[in-house]
Amino acid sequence: MSATSPQSDPPRAEVHKTQPAAQPLPLKKRLAEEVDDLAELMLHGAGHEQAAIEAARIAKEQEQQNQAAQDQDPSQNPIEPVKVADETGFWPVLQNRNFLALWSGQVFSQLADKVYLIAAISIVAARFQEPGQAISGWVSAITIAFTIPAVLFGSLAGIYVDRWQKQTVLVVTNVVRGLLVLALPLVLALTAGGPDVMGIPIGFGALLAMTFCVSTLTQYFAPAEQAAIPLIVQPQHLLSANSLYTTTMMASTIVGFAVGEPLLAIANQLVAGWGWGADLGQELVIGGSYAIAGGLLLWMKTGESPTDHTIERPHVLQDLRDGLRYLFDRPLIRNALIQLTILFSIFAALAVLAVRIAEVIPGMKASQFGLLLAAGSAGLGLGALLLGQFGNQWPYQRSSLLGSVGMGLALVGMAIATAGLSLWGVVSAIVSLGAAAAFVGIPMQTTIQRETPEEMRGKVFGLQNNAVNVALSLPLALSSVAESYWGLPTVLLLLAVLAIAGGGATWYISVTSSARST
């Protein structure tokens, strides 16, 4: 039955004649109106042939409009040039000004973190340690004060990071940490000679409180830094960005612990020469580093919208439950977190066992265990550089599996070298262990960043910080006990089994989960 009778649907030309004369409409608006006309034709029963002709004409005009817009402004082309997508390695990341601001801020902030502990120990030795008294008890108290905030506030900090602008968190945490450190000489001067509180010098209590506050602010800085990377780096460059991040973290650990003490000594001498005080230089170096980090991070632009404080937020515990539920519902992210937890557990155990290894290996002293840790950090840095340049060519899960197997083999080699008392064998095994660890840690961190939506990143990274801190704490307590019962080679072999079994299990779960989802 024809639907083109004049009574039910006047001809198209007649419809246009009834409209008042006006200036020609812009092409985009005219096309929108013609689409409406086409819908009206079909609604009133217009013939399919006529509707198809109209649809083809409108589609062709839209295509011509898009082509004209792209010719006038190439930036409107939704398809990125192939050249940009094919860029790999570090160069595209190093051209990113926002990432350079974050990266340089990370350098100063992490160096300040490492050197702060050295400065705190030097303050204890100069002000509170009695002659002939062991310093280990004082150092343990400082370490606990630095560790407790990570366990208490790691997850909560991540929740608030999701609610606030990442750049604001990064800048404020650095500036406030700098002010706290710069205020430390004044606090110590005011509490000097004060009474003991529960057997603890009041000045040492103030140092513990200051350390606790600095560490608490660090718990906010860490997830904000991780969550900011995907905001400023394109997904195809995340692996290279994380490689640079990890390399810098390892380098700051080596440099901070290796040159921290002489650096602070030189700063104290210079400031004393200016007549400002004998011990003020170290606070100026650390506080100044935090302040410089905050200033550099001001140049970073994340593209976030300003925080809307009028929005009613759910309870913190509800957010925490949402983060945990999200992890359990996402096998890829959950398995990446498990891999990272295993990785940090192994390195925490190695930090304890390195003291015993240095003690039993001929030509080394127990106090030189830092050289072994530096060798592991160097290997991790080499692996990170290799991944950053070529890692995008390999699937992340496969890289993690190969890295786990490599870690297991390196730990087996370390056990053999330790039993044979071979210094070079131990050093080679530790370097290999670090390089293999990079193939686990960096792809898994990148997986978490890529798979986690922006509104969940703070929660996920906060939970990650909690898991990592637990993974760092338990081996510190258990490794020395296990070594005393079973011996070094056996414990190293057990760590090798943990690395291979954990990597294989998480790889299998990830593969099967992906297969089921498809």
Side-chain angles (χ1 to χ4, degrees), residues 250 335-366 368-383 397-444 467-468 470-510:
M250 292 299 102
N335 292 335
L337 183 58
I338 292 172
Q339 281 281 75
L340 290 173
T341 303
I342 294 173
L343 174 65
F344 281 98
S345 297
I346 292 173
F347 268 83
L350 185 63
V352 176
L353 298 176
V355 179
R356 179 61 178 161
I357 294 173
E359 186 179 10
V360 301
I361 293 295
M364 291 194 73
K365 301 176 182 178
Q368 295 177 315
F369 75 97
L371 297 176
L372 299 178
L373 297 181
S377 298
L380 187 58
L382 291 174
Q397 299 298 329
R398 186 181 303 170
S399 296
S400 175
L401 177 62
L402 293 176
S404 298
V405 173
M407 288 178 62
L409 295 177
L411 287 165
V412 171
M414 196 185 307
I416 296 172
T418 302
L421 303 180
S422 171
L423 174 59
W424 289 110
V426 169
V427 172
S428 300
I430 291 180
V431 172
S432 301
L433 177 66
F439 281 75
V440 177
I442 295 171
M444 293 300 95
V468 166
V470 171
L472 291 173
S473 302
L474 289 178
L476 292 176
L478 300 177
S479 297
S480 57
V481 177
E483 187 274 329
S484 63
Y485 275 99
W486 298 323
L488 270 175
T490 302
V491 175
L492 291 172
L493 290 174
L494 289 174
L495 292 177
V497 172
L498 175 63
I500 296 175
T506 52
W507 173 81
Y508 176 77
I509 294 172
S510 297

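Just so you know, residue 1 is the first one in the sequence shown, and it goes up from there.
Listed by first then second residue, pairs satisfying salt bridge (charged side-chain N to carboxylate O under 4.0 Å, His left out) with a partner in residues 478-505 read Arg356-Glu483, not counting sequence neighbours. Sorted by first and then second residue, the side chain to side chain donor-acceptor pair (under 3.5 Å) pairs involving residues 492-508 (not counting sequence neighbours) are Gln339-Thr506. Residue pairs meeting the ring pair (Phe, Tyr, Trp, His ring centres under 6.0 Å) criterion with at least one partner in residues 398-428, sequence neighbours excluded, do not occur; the list is empty.
Listed for the Ser484 side chain is a donor-acceptor partner under 3.5 Å among the backbone atoms of Val481.
With sequence neighbours excluded, the residues that form a side chain to side chain contact (heavy atoms under 4.5 Å, CB included) with Leu423 are Ile361, Met364, Val427. Here Leu350 pairs with Met414, Leu433 under the side chain to side chain contact (heavy atoms under 4.5 Å, CB included) rule; sequence neighbours left out. Residues that satisfy the side chain to side chain contact (heavy atoms under 4.5 Å, CB included) test with Ile500, not counting sequence neighbours, are absent from this structure.
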#### Entry: Stepwise side-chain contact (heavy atoms from CB on, under 4.5 Å) check, Val412 with Leu493
CA-CA 6 Å; Val412 171; Leu493 290 174; 4.0 Å; yes
### Message
For a side-chain contact (heavy atoms from CB on, under 4.5 Å) check, start with the C-alpha distance between Thr418 and Leu353, then their side-chain angles and the critical distance, and finish with the verdict.
### Response
CA-CA 11 Å; Thr418 302; Leu353 298 176; over 6 Å; no
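To the nearest 0.5 Å, the span separating CD1 on Ile430 from CG on Leu372 amounts to 4.5 Å. Of the inter-residue distances, the one linking Leu498 atom CG with Leu343 atom CG reads 10.5 Å to the nearest 0.5 angstrom. The CD1 atom of Ile338 lies 7.0 Å from the CD1 atom of Ile342; values are rounded to the nearest 0.5 Å. Note that CG of Leu492 and CH2 of Trp486 are 13.0 Å apart. Values are rounded to the nearest 0.5 Å.
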